[in-house]
Amino acid sequence: MASSNSSESVHPAGSAGGEQGKDALSTTRIRSRPSPPPVANSGTGRAEREAPNVLVVDDDVTVLRAVGRALRSKGYFVVTAQDGEEATRQIVDHVFDVILSDISMPGIDGIQLLRQVREHDLNVPVILITGEPAVRTAVQALEYGAFHYLTKPVANEALEAVLEKAVRVHRMARLKQQAAELLGNANALGADRAGIEASFDRAMQQLWVAYQPIVDPRTQTVFGYEALLRTTEPSLPHPGAVLDAATRLGRLEELGRNIRERAAAPMIQSPDAGRLFVNLHVTDLLDPLLSSPDSPLASISNRVVLEITERSSLDEVRDVRARVAALREMGYSIAVDDLGAGYAGLTSFTLLEPEIVKLDMSLIRDVHQNLTKQKVVRSMAALARDMGMIVVAEGVECAAERDVLVDLGCDYLQGFFFARPGPPFPEVKW
Ligand code: C2E
Ligand code: CA
Ligand code: CA
């Protein structure tokens, strides 16, 4: 057990002041450490580089010292911490090339530490060590993105081999990140589960809802607003990335609830704002809160249109008809979104019997210059009207598209031409 919670800094052999003391490490010491010590060339190709920083975490001080000594002799710059709390402070203040941690520790354990590490650094490899091997913890460790899982006692050679590899992988990960940033496609979904979880948690906290008007260009009135998910989390830069992260984490229900709660508030406060169009993921249909009177949308249900996309199949939802019937009973309307976006068949029509259809943007783009698109839109609009449905065309970007769509029989229009999505409620340009 830990006898003290001070941290220990172990300098690589030969560095100035390179004595492994029990003195607490200061930020300045690691940041302003002397130029990298001459490192013995171990044949690993690491010699010419700066000594890698390793954080070693173990509540057993004997292990801590022994590992520190062994790594120091191999040219690592070692920082030690005797519990998860101390380690957390270290990872906030310093950048490490690799972290080596015991799994079972009092307080913050190795898995929790791994999750906290990912709040600060999506890439740093974490190697977890345990005294009591158990399949469950091993699986958990790897699922949360541990780089490697070792069982005590760990032979020095094995540890070094894993560390060497971890340092290289980390350098590669950082280069990949730099490349992604350079090419403008930085995205946390390349990260492991703990990394995605950290990004997603931040996204959930910063989540906000943008509104885009859906208008009647004939009367120049606003029919309603579509609520669109937004977050300021840079690693999840568009709604699709947030939805992908939620899917991978099994947290779609939580995301949907968060969006609906935030989307409802400004509409409840503005009784004259018209309809609220809310996008549903197909699995949202399974959420009991959606069809409950406690839903944030329930008090304005007769102003709410639930959009369900044609892009994904309704197969995974049991009792779709019954669920939709219950929602309709509560006052909600249903829209089929992205019609014409390529999903074959008309199951969504027969199952959902929507009040509203939204034509996909791909049909709308340059419709004024494309006779085939005009034919398709005209037929779809006529057919929908025959079935008593309202037709919305979305993605309208210019006056020419607007005018043709009105002629082709679309009831309402939506798109950047009228207004970009924004905080409640964007002004409309006609
Ligand atoms: P969507 O439901 O088809 O939403 C319309 C998308 O088109 C929005 O992109 C909107 O910003 C964009 N848009 C509107 N007018 C124009 C235009 O004139 N030109 C162009 N190029 N784009 C236009 P956004 O907000 O990036 O959303 C993308 C997709 O993410 C949505 O497509 C929807 O499938 C999904 N999504 C967004 N918010 C939510 C949400 O709250 N829940 C769920 N489940 N999905 C959402
Ligand atoms: Ca939509
Ligand atoms: Ca759409």
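Whatever order the structure lists them in is the order used to number ligands and atoms, beginning at 1.
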Q: Determine, for Asp287 against Arg260, whether the closest basic-nitrogen to carboxylate-oxygen distance falls under 4.0 angstrom.
A: yes
(Q) Please work out, at 4.0 Å between heavy atoms, whether the side chain, the backbone, both, or neither of Met361 comes within that distance of ligand 1. (A) side chain
Q: Give yes or no for whether the N/O distance cutoff of 3.5 Å, strictly under, is met between Phe416 and ligand 1.
A: yes
Q.
Does ligand 1 come near enough to Asn279 that some N or O of the ligand is less than 3.5 Å from an N or O of the residue?
A. yes
Q.
Within the structure, is a non-hydrogen atom of Arg230 found at a distance of less than 4.0 Å from ligand 1?
A. yes
Q) Using a heavy-atom cut-off of under 4.0 Å, does the side chain or the backbone of Val396 touch ligand 1, or both, or neither? A) backbone
Q. Under 4.0 Å between a Lys/Arg side-chain N and an Asp/Glu carboxylate O for Asp201 and Arg118?
A. no
Q. So which heavy atom on Ile108 is nearest to which on Leu113, and how close?
A. CG2-N, 3.7 Å
Q: Have a look at ligand 1 and work out which part of Gln414, if any, has a heavy atom under 4.0 Å from it: side chain, backbone, both or neither.
A: neither
Q) Can you check whether Met389's main-chain N or O pairs, donor with acceptor, with Glu355's side chain at less than 3.5 Å? A) no
Q) Of all the heavy atoms in His238, does at least one lie under 4.0 Å from an atom in ligand 1? A) no
Q: Show all protein N/O/S atoms under 3.0 Å from the Ca ion (ligand 3), or state that there are none.
A: Asp337 OD1, Asp338 OD1, Glu394 OE2
Q | Proximity to ligand 1 by part of Arg311, non-hydrogen separation under 4.0 Å | A | neither
Q: Check whether any protein heavy atom sits under 4.0 Å from atom 32 (O) of ligand 1.
A: no
(Q) Tell me whether atom 27 (O) of ligand 1 lies less than 4.0 Å from at least one protein heavy-atom position. (A) yes
Q: Mind listing the closest non-hydrogen atom pair of Phe200 and Ala245 along with its distance?
A: CD1-CB, 4.0 Å
Q | Which segment of Asp338 sits under 4.0 Å of ligand 1 when only heavy atoms are counted | A | side chain
Q. Under a 4.0 Å N-O cut-off, is there an ion pair linking Glu226 with Lys358?
A. yes
**Q.** Leu280 to ligand 1, any heavy atom closer than 4.0 Å
**A.** yes
(Q) Can you check atom 9 (O) of ligand 1: any protein non-hydrogen atom closer than 4.0 Å? (A) no
Q: Please calculate the OE2(Glu226)-the Ca ion (ligand 2)-OD1(Asn279) angle and round it to 10 degrees.
A: 90°
Q.
So which atom in Val282 and which in Ser312 form the shortest heavy-atom distance, rounded to 0.1 Å?
A. CG1-OG, 4.0 Å
Q) Do Glu261 and Arg257 meet the salt-bridge criterion of a basic N to acidic O distance under 4.0 Å? A) no
Q. Where on Arg420 is there a heavy atom closer than 4.0 Å to ligand 1, on the side chain, on the backbone, on both, or on neither?
A. neither
Q.
Below 4.0 angstrom, counting only protein heavy atoms, does anything approach atom 40 (C) of ligand 1?
A. yes
Q: Taking all heavy atoms of Pro213 and all of Ala419, pick out the closest pair and write down the distance.
A: CG-CB, 3.4 Å
Q. With only distance considered, is Leu229 within less than 3.5 Å of ligand 1 through an N or O on each side?
A. yes
Q | Donor-acceptor pair between Gln90 and Glu86 side chains, under 3.5 angstrom | A | yes
Q.
I'd like to know whether NZ of Lys152 has more than 12 heavy-atom contacts from other residues, nucleotides or ligands below 6.0 angstrom.
A. yes
